[in-house]
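These notes concern the structure reproduced below.
Basis for what follows: all heavy atoms, side chains included, without hydrogens, waters or symmetry-related copies.
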Amino acid sequence: MKTRIITAVVTIPLLLLLLMAAPTIVTAAVWGLMLAIAAYELLYGTGLVREPRLVLYASIMAFAVSIWSHYDAVHAVGQLGVMLFASVLFGEMMRSHVKLTFDKICMCFVAGLVIPFLLSSVIRILVMSRIGRYMVLIPFIVAFISDSGAYFAGHFFGQHKLAPVISQHKTIEGAIGGVVASTVAMVIYCVVLQFAFGFQVKYGIAMIYGMLGSLSGVFGDLCFSVVKRQTGIKDYGNLIPGHGGILDRFDSMMLVGPLMECLLILIPLAV
């Protein structure tokens with residue numbers, strides 16, 4: 001716990017600086033580097049795919065997805081990138097004289113394209129009009145506060161296991177605590193937006209963001225926990241002291257991020 005707190009004290013200011021002050025292309029590049037590491041963790045770190053070239057292709061694609069998202073996910077550019085990625089992967093299958101199995105190709109697609117696209121919602125929110133700098137914090141607030149609320153609620157009140165086969169530590173009481181904490185945090189953030197920055201906010205919608213975001217975060221966390229159980233690993237990596245790897249820290253963001261992106265487009269929180 002002490003290591004986790006120290007890491008948070010050091011990394012949170014750096015994250016805020018990256019999101020709120022750095023040029024957006026720099027943020028996209030750093031985020032892309034993190035996604036490249038995450039692709040490595042999911043493929044090579046788990047032992048699912050140990051072919052170095054495939055892991056390298058997936059990592060390069062993961063980085064490219066973040067940069068592509070920075071430029072508003074231009075359809076033609078993205079389509080060309082996906083075509084090239086698919087061609088390279090299937091080319092490796094043919095080069096191996098069919099020894100390279102299709103399931104490994106699919107794993108590379110997930111690690112290099114699907115998960116990076118979902119997590120790059122952070123970058124797409126950041127470059128969203130003139131309000132991106134203010135809205136980009138929302139997925140982090142929802143995911144991180146929900147995690148903290150679930151931890152403390154589960155620690156003090158947890159009695160009923162949420163998914164005992166997948167995660168021994170998650171409880172129904174913890175999940176409820178996470179929803180409550182996330183919802184309250186979003187209301188507080190709306191107060192800040194309104195009185196510190198002059199936004200017109202909708203508190204009812206903020207509560208929807210908090211509740212739905214928290215639930216999606218729990219599901220996203222469980223998705224990656226399943227992979228860890230199947231591969232027999234405790235953490236995806238050790239890059240972040242006390243937290244594990246990139247995927248261990250941002251697993252819940254896989255669904256929280258794109259959900260917040262969709263909600264910001266469909267039912268805006270503030271103007």
Side-chain angles (χ1 to χ4, degrees), residues 4 7-8 11-12 15-16 19 31 34-35 38 41-42 110-111 114-126 135-158 160-190 205-229 235-237 240 242-267 269:
R4 289 175 66 93
T7 301
T11 57
I12 288 177
L15 181 63
L16 290 173
L19 294 173
W31 193 254
M34 293 170 60
L35 294 179
E41 291 176 347
L42 184 59
V110 172
V114 177
I115 293 176
F117 180 77
L118 294 174
L119 287 173
S120 288
S121 56
V122 170
I123 303 302
R124 293 190 293 275
I125 293 173
L126 178 64
M135 300 299 112
V136 74
L137 293 179
I138 290 176
F140 294 93
I141 292 171
V142 170
F144 292 172
I145 298 299
S146 177
D147 284 349
S148 299
Y151 173 82
F152 287 109
H155 179 75
F156 289 108
F157 307 108
H160 302 87
K161 299 294 184 182
L162 179 64
V165 176
I166 300 173
S167 177
Q168 287 292 325
H169 301 293
K170 286 184 171 54
T171 63
I172 295 175
E173 293 81 3
I176 294 173
V179 171
V180 172
S182 176
T183 303
V184 171
M186 280 305 302
V187 171
I188 294 174
Y189 188 61
C190 277
I205 291 178
M207 296 176 69
I208 293 175
Y209 277 42
M211 288 186 287
L212 294 181
S214 179
L215 293 174
S216 68
V218 172
F219 186 73
D221 194 345
L222 289 174
C223 289
F224 282 101
S225 293
V226 169
V227 177
K228 287 195 285 188
R229 297 299 171 269
D235 295 314
Y236 283 101
I240 308 174
H243 295 267
I246 297 296
L247 286 178
D248 294 295
R249 178 62 277 182
F250 294 101
D251 49 6
S252 60
M253 290 282 289
M254 180 186 72
L255 296 180
V256 173
L259 176 61
M260 295 301 105
E261 179 187 7
C262 291
L263 291 177
L264 284 167
I265 295 171
L266 298 175
I267 48 173
L269 174 72

Could you grab the distance from atom [atom1] of [X] to atom [atom2] of [Y], nearest 0.5 Å is fine?
X      : Y      : atom1 : atom2 : answer
Leu263 : Ile138 : CG    : CD1   : 9.5 Å
Lys228 : Asp248 : NZ    : CG    : 4.5 Å
Lys161 : Ile166 : NZ    : CD1   : 13.5 Å
Leu118 : Leu259 : CG    : CG    : 11.0 Å
Ser225 : Asp251 : OG    : CG    : 6.5 Å
Asp147 : Ser214 : CG    : OG    : 8.0 Å

Can you find a heavy atom in the side chain of [X] that is under 4.5 Å from one in the side chain of [Y]?
X      : Y      : answer
Ser121 : Met260 : no
Met254 : Phe219 : no
Lys170 : Asp221 : yes

Could you tell me which non-hydrogen atom of [X] sits nearest to which non-hydrogen atom of [Y], and how far apart they are?
X      : Y      : answer
Ile125 : Gly257 : CD1-O, 4.1 Å
Ile145 : Ala181 : CG2-O, 3.4 Å
Thr171 : Gly158 : OG1-CA, 3.7 Å
Leu19  : Leu126 : O-CD1, 3.5 Å
Met34  : Ile246 : O-CG2, 3.7 Å
Val142 : Ser182 : CG1-OG, 3.5 Å

- Query: Are there more than 12 heavy atoms of other residues, nucleotides or ligands under 6.0 Å from atom CE of Met211?
  - Reply: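 Enclosed.
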(request) Show your reasoning for whether side chain to side chain contact (heavy atoms under 4.5 Å, CB included) applies to Leu222 and Ser167. (result) CA-CA 7 Å; Leu222 289 174; Ser167 177; 4.2 Å; yes
Results of ring-ring contact (aromatic ring centres under 6.0 Å, His included) for Phe250 - residues two or more places apart only: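 For Phe250, the residues satisfying ring-ring contact (aromatic ring centres under 6.0 Å, His included) (neighbours in sequence not counted) are Trp31.
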Is it true that a side-chain atom of [X] and a backbone atom of [Y] form a donor plus acceptor pair closer than 3.5 Å?
X      : Y      : answer
Glu41  : Gly245 : no
Ser146 : Ala143 : no
Ser120 : Pro116 : yes

Check your understanding: Relative to each other, are the rings of Phe140 and Phe144 parallel, tilted or perpendicular (30° and 60° limits)?
Key ->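 Aromatic pair Phe140/Phe144 classed perpendicular.
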Full working for side chain to side chain contact (heavy atoms under 4.5 Å, CB included) between Leu42 and Tyr236: CA-CA 7 Å; Leu42 184 59; Tyr236 283 101; 4.0 Å; yes
Using the side chain to side chain contact (heavy atoms under 4.5 Å, CB included) rule, take Val179 and Val218 through it: C-alpha gap first, then chi angles, then the decisive distance, then the call.
CA-CA 10 Å; Val179 171; Val218 172; over 6 Å; no
Exercise for the section: Walk me through it: do Leu35 and Ile115 pass the test side chain to side chain contact (heavy atoms under 4.5 Å, CB included)? Expected result: CA-CA 8 Å; Leu35 294 179; Ile115 293 176; 5.8 Å; no
